[in-house]
Amino acid sequence: MEVSNIRHALNVKREDDFAKWYQEVINAADLAEESGVRGCMVIKPWGYGIWERVQRLMDDRIKAAGIPNAYFPLFIPLANFEREADHVDGFAKEMAVVTHHRLIADGEGGLIPDPEAKLEEPLVVRPTSETIIGDAMARWVQSWRDLPLMLNQWANVVRWEMRTRMFLRTSEFLWQEGHTAHATREEALEETHRALEMYRACVEEDLAMPVIAGEKPENERFPGADETWSIEAMMQDGKALQAGTSHYLGTSFASAAGIQYQDKDGEHQLCHTTSWGTSTRMIGGVVMTHGDDDGLRVPPRIAPHQIVILPMLRDKPEDEAVLAYCEDVRKSLSGVSALGEPIRVLLDKTPGKAAAKRWSWVKKGAPVIVEVGPRDMENSKVAVLRRDALWNMDNGKPAMTFTPRNEFASTAAQLLEDIQADLFAEAKERRDAKITRGMTEWHDVVNSFRKGGKYPGWVEVEWSKPNGAELEAVVEKLKAEKLTFRNVPRDSEPADGICIFSGKPAVERILVARAY
RNA sequence: CGGGGAGUGGCGCAGCCAGGUAGCGCACCUGUUUUGGGUACAGGGGGUCGGAGGUUCGAAUCCUCUCUCCCCGACCA
């Protein structure tokens, strides 16, 4: 299919070593780097710019749902976690704790925490904010008129993970956490689903990453939640990535924090709460969904620069004219909107060889690269390179299209919309081809993962949704094959067969996959 | 935390086993060359070898401790 003389921008190909390729893209695209602090990364401008775009688009959706932002403390009193037993069980093993508030010299040129300055009560660096936001909600909710109470926070959180991976699992990460309190279970569930749907829309429409929304089985629930829902994306190696979660917390957190209200009859009632979050992990998902052997491909909606204009400067007198021509091209785009927003154009005047700059933008994944040389100027044209269709398969060279300059401005919006749509379609097609349905024997599932090639994808099976010891046994069975349950797809067909694990009548269909 | 691997100029690596103050490719700087485009040649700048301690006349090379990263496992919204 692919001509062999293509000289790709990366040294590692996806099919040769996916993990190494992932690292290389993050490097080559200038997204982030190691910080020297265990499990923590430095997010570089291009990576952070993408995050800011994601943040903006998600925040718009949250605000459109009528949920305002607020900010709560980074430090949470230890005692807060002791109130909800399941919650503390879930997070105890991975909490960073502040125990002192002062340093003193150790006498050997170093510094140590001052034993005299030990905190009465240790403070936990938030791994999530249910407990501290719950405190506030308890104060803020008195009457049924105060409900629903809906809040969102953009923040950093810390979870002391054993093994970290850039963007996918870092000790500190950036995220958004929504927290709501409602009068009834029905309203809280409705909010849980509204948040889930908001995530699905944002990730599919903005990040161009196809996901499957559904409910997590009991063993995968958020600590303390009654129901956990997720959106699951398939990476190019067939593994699953949880890209967002939404939880119905029942009344357990309300009970722990005392979030209650007086209803119209004057009776005290516990609130039903929800929480939901998405994080910088989504950036890792974008890399593993849209990246290729030449680096990253950023979907136009989340690209900090959608079009990069590259003047072919050669330290010659005509450089000035080329630059002026590029300025004109940029100006011609200034009134143009694409995908509902003013188009974002960068004229890259930084010194350096034009060819090297071109490849750096290819690796970063700018959706459209426009090259302009003296000859283009002479012909009133621009050379357009689509990052999502980089190569001319006939000659193995970059697929440049020479477009009349006045035509380019009028077609740019459509071009970006096409790229956004094509990236999504490509990812969706790849994913759908890798989901297997209809298996009724467990050993067939095992074989499909063992022998189904390098990247076997997912399998959807029917099961009887057991709990307790029976569920544990099933989870162990999965574990033995390095498999996990992902979710029960929201819109899957009803079950009509038997449980693949027990042979009992099945009650639903559930996705099984290897996961990040 | 268990097993394995690795940390040498910006990036990728060699040197280490048989210790004598560092080398290659890319990138970078200067000049020339080339000019529908990841050109070529010549010259040049930059590192004290993750960190600390030890052995030694002398350590990137040997020993001890420690930090960090990668892979597998365990663990994990």
Side-chain angles (χ1 to χ4, degrees), chain A residues 6-12 17-20 22-24 27-28 30 33-41 86-87 89-95 108-110 126-130 157-166 168-171 173 175-178 199 216 219-225 228-232 241-247 249 275-279 281 294 310-316 318-319 322 351-363 371-379 381-383 385 390 397-398 400-402 479-480 482 484 487 515-516:
Chain A
I6 288 180
R7 184 176 157 199
H8 286 292
L10 299 184
N11 300 313
V12 190
D17 187 339
F18 197 80
K20 199 172 174 191
Y22 178 72
Q23 286 293 132
E24 171 120 355
N27 243 319
D30 227 15
E33 64 182 23
E34 293 300 337
S35 62
V37 180
R38 185 190 196 88
C40 297
M41 62 179 174
D86 291 333
H87 194 57
D89 278 353
F91 284 106
K93 298 180 293 294
E94 51 184 72
M95 296 219 247
E108 293 165 15
R126 64 180 162 221
T128 179
S129 304
E130 273 76 8
V157 289
V158 169
R159 296 180 189 179
W160 215 258
E161 302 285 355
M162 287 298 176
R163 189 159 140 208
T164 58
R165 259 166 160 280
M166 292 261 210
L168 300 178
R169 181 173 290 106
T170 45
S171 301
F173 56 94
W175 79 343
Q176 145 288 304
E177 50 180 322
Y199 287 162
K216 289 281 194 184
N219 65 302
E220 297 275 350
R221 266 182 213 145
F222 175 71
T228 286
W229 294 72
S230 73
I231 49 171
E232 302 283 334
L241 182 76
Q242 180 174 298
T245 47
S246 184
H247 317 289
L249 303 174
S275 71
W276 24 276
T278 54
S279 71
R281 170 183 266 196
D294 296 293
L310 224 47
M312 312 303 289
L313 304 176
R314 286 178 260 174
D315 294 320
K316 292 267 171 83
E318 70 261 26
D319 281 3
V322 172
K353 285 182 183 160
K357 283 163 65 180
R358 199 246 304 282
W359 288 104
S360 108
W361 283 114
V362 165
K363 288 185 278 189
E371 300 188 4
V372 178
R375 193 99 152 257
D376 304 305
M377 191 167 62
E378 219 170 275
N379 301 330
K381 291 194 171 180
V382 291
L385 197 55
L390 188 60
K397 290 187 172 164
M400 219 93 80
T401 307
F402 298 91
K479 238 182 197 174
K482 293 197 279 188
T484 58
N487 66 24
Y516 277 101

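Note that the structure is predicted; figures quoted are calculated from it, not measured. Any value given below was found using the heavy atoms of this structure, including those in side chains, with hydrogens, waters and symmetry copies removed. Lettering follows sequence order; numbering is per chain, from 1.
No hydrogens or angles were tested; on distance alone, a donor-acceptor pair under 3.5 Å links the side chain of A:R375 to the base of B:G36. Side chain A:E371 to base B:G36: no donor-acceptor pair is found below 3.5 Å.
Here B:G36 presents its P atom at 14 Å from CE of A:M377, a figure rounded to the nearest Å. Regarding A:R169, its CZ atom lies at a distance of 12 Å from the P atom of B:C71, rounded to whole Å. Rounded to a whole Å, the CE atom of A:M41 is 12 Å from the P atom of B:C70. Atom P of nucleotide B:G73 and atom NZ of A:K482 are separated by 4 Å, given to the nearest angstrom.
Counting any heavy atom pair closer than 4.0 Å across all strands shown, A:A19 reaches sugar-phosphate atoms only and no base atom.
When both distances must be under 3.5 Å, the Watson-Crick or G-U wobble mate of B:G46 does not exist. When both pairing distances are held under 3.5 Å, B:U32 makes a Watson-Crick or G-U pair with B:A40. Using N1 to N3 plus N6-O4 or O6-N4 for Watson-Crick, or N1-O2 and O6-N3 for G-U wobble, each under 3.5 Å, B:C26 pairs with B:G10.
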**Report entry** Base versus backbone protein contacts along nucleotides 4-11 of chain B [heavy-atom cut-off under 4.0 Å; B, S, -]
**Finding:** --------

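Under 4.0 angstrom from either OP1 or OP2 of B:C72 there lies at least one side-chain N or O belonging to A:R163. Of the side-chain N and O atoms in A:K363, none sit less than 4.0 angstrom from OP1 or OP2 of B:G38.
Taking the six-membered ring for Trp and thresholds of 30 and 60 degrees, A:W276 and A:Y199 have ring planes more than 60 degrees apart, a perpendicular arrangement.
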